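Below is one structure, written out as structure tokens; the observations come after it.
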There are 2 protein chains.
Amino acid sequence: MKITYKGDYALKTILDLAGNFRSAPVAINDLSKRLDIPTKFLEQILLDLKRAGFVESRRGKIGGYSLAKEPAKITLGEVVRFIDGPIGPIACVDKQYSGCHDVESCVFRNIWSQVGNSISKIIDQVTFEDLLKRTNKANKTFNYQI
Amino acid sequence: MKITYKGDYALKTILDLAGNFRSAPVAINDLSKRLDIPTKFLEQILLDLKRAGFVESRRGKIGGYSLAKEPAKITLGEVVRFIDGPIGPIACVDKQYSGCHDVESCVFRNIWSQVGNSISKIIDQVTFEDLLKRTNKANKTFNYQI
DNA sequence: ATAATCTCTACTATGTTAGTAGAGTATACT
DNA sequence: AGTATACTCTACTAACATAGTAGAGATTAT
Ligand code: FES
Ligand code: FES
């Protein structure tokens with residue numbers, strides 16, 4: 001798994017919209033400024049998120065975007081998968097990867113599967129409501145070896 | 001984290017060399033054929049692995065590559081990090097990433113840190129001796145959601 | 001000597017990412 | 001009706017990373 005800028009932007013945007021859930025829709029321009037995301041890029045991302053049903057939009061003068069579901073009903077994992085694709089650390093689980101021949105007996109595949117499972121376990125449990133609650137609280141869990 | 005072809009090739013190569021530990025050195029050509037890796041690409045990878053101290057080489061007629069340390073003393077994590085870089089799912093832990101401004105208060109960073117930790121926990125514990133033992137045993141842990 | 005094998009640097013083709021550009025459509029308000 | 005505001009859609013592009021390829025050079029066993 002790799003979170004791209006697009007994925008990162010999508011997550012930050014949804015979190016912002018989660019904070020404004022059931023308020024007036026937020027304009028792309030506001031989001032763009034507040035989150036420091038290039039406007040035209042954000043447009044595309046929001047369209048994608050809309051097509052996937054995460055957000056909904058309203059055009060015209062008082063238009064903008066709002067979350068389509070409750071923050072508690074959107075997980076981090078859903079968004080990440082939608083924007084940045086499969087969670088697995090290697091493409092051999094996809095169709096595209098030609099490197100793995102004897103998939104059945106490959107010892108690595110088992111490991112990659114464990115890795116995928118353990119990532120899923122984290123990001124599929126966290127909802128945007130959880131994240132909202134955590135905002136402005138200390139986070140002090142930084143010790144993994146880069 | 002994303003395992004590239006280069007990384008995948010490196011791991012498979014080291015596993016092969018682990019299987020031939022303390023035997024005669026293995027020629028690039030043999031490795032290339034056996035593992036189905038483009039020869040010239042494998043050359044580069046082996047040079048990298050040599051510079052990092054994972055393998056050692058011998059030139060000339062009966063030359064080839066062999067593992068520089070016992071299989072039990074090389075972990076998956078070491079090799080992956082060396083070839084494919086940091087484990088973290090997002091670049092905001094590196095210097096390169098400009099997307100994250102208020103790093104201190106970002107709720108996502110905490111999550112990415114958890115993800116990194118949990119990946120590390122897996123791949124830093126598995127050695128190539130472990131993998132050797134597992135070779136030819138059934139692996140049936142395939143259930144993570146792609 | 002020479003054949004086999006590793007060593008090193010440079011080059012290239014392809015794909016992905018991170019945007020930009022611009023014309024079009026819907027809505028609120030006057 | 002007209003206009004300003006804001007979303008919609010498609011296409012294009014620049015920069016970078018990946019996955020190789022190419023070729024000349026150095027070492028060693030026989
Ligand atoms: S890494 Fe894909 S089957 Fe081995
Ligand atoms: S994702 Fe990098 S600090 Fe928030």
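Since the model is a prediction, treat every value here as computed from it, not as a measurement. Labels below follow one simple rule: chain letters A, B, ... track the order of the sequence lines, proteins then strands, and each chain is numbered from 1.
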When the ring planes of A:Y9 and A:Y5 are compared, do they come out parallel, tilted or perpendicular, using 30° and 60° as the limits? perpendicular
Does A:Y9 place a side-chain N or O at less than 4.0 Å from the phosphate oxygens OP1/OP2 of C:dG19? yes
Expressed in angstrom and rounded to an integer, what is the separation of B:D48 atom CG from C:dC8 atom P? 11 Å
What is the distance from CZ of B:F41 to C1' of C:dT7, rounded to the nearest Å? 17 Å
If the cut-off is 4.0 Å, is B:R58 near the phosphate of C:dA4, judged by side-chain N/O to OP1 or OP2? no
Separation of B:I62 atom CD1 from D:dT30 atom C1', in whole Å? 11 Å
Using whole Å, report how far CD of A:Q44 lies from P of C:dT20. 10 Å
Would you kindly give the NZ-to-C1' distance between B:K40 and C:dT5, to the nearest whole Å? 11 Å
Given the structure, check if the side chain of B:E43 and the base of D:dT21 hold any donor-acceptor pair shorter than 3.5 Å. no
Categorize A:V55 for me: base, sugar-phosphate, or nothing, with a 4.0 angstrom heavy-atom threshold over every strand shown. nothing
Taking OP1 and OP2 of C:dT5, is either one under 4.0 Å from a side-chain nitrogen or oxygen of B:S57? no
Has A:R51 got a side-chain N or O lying under 4.0 Å from the OP1 or OP2 atom of D:dT8? no
Distance test, side-chain N/O of B:K6 to OP1/OP2 of D:dT18, below 4.0 Å: no
Just how far, in rounded Å, is C1' of C:dT17 from NZ of B:K2? 12 Å
Looking at A:V107 and B:L131, what are the two nearest heavy atoms and their distance? CG1-O, 3.7 Å
In short, B:W112 meets A:L76 closest at the heavy-atom pair CH2-CD2, 4.2 Å
For A:Y65 and D:dC7, give me the distance from atom OH to atom C1', rounded to whole Å. 6 Å
Is any side-chain nitrogen or oxygen of B:K50 closer than 4.0 Å to OP1 or OP2 of C:dT7? yes
Is it true that B:K12 and B:D36 have a side-chain N and a carboxylate O under 4.0 angstrom from each other? no
Please work out if B:L46 contacts a base, only the sugar-phosphate, or nothing of the nucleic acid, heavy-atom cut-off 4.0 Å. nothing
Protein-nucleotide distance (B:L42, atom CG; C:dC6, atom P), rounded to Å: 9 Å
Side chains of B:D84 and B:K2: does their closest heavy-atom pair fall under 4.5 Å? no
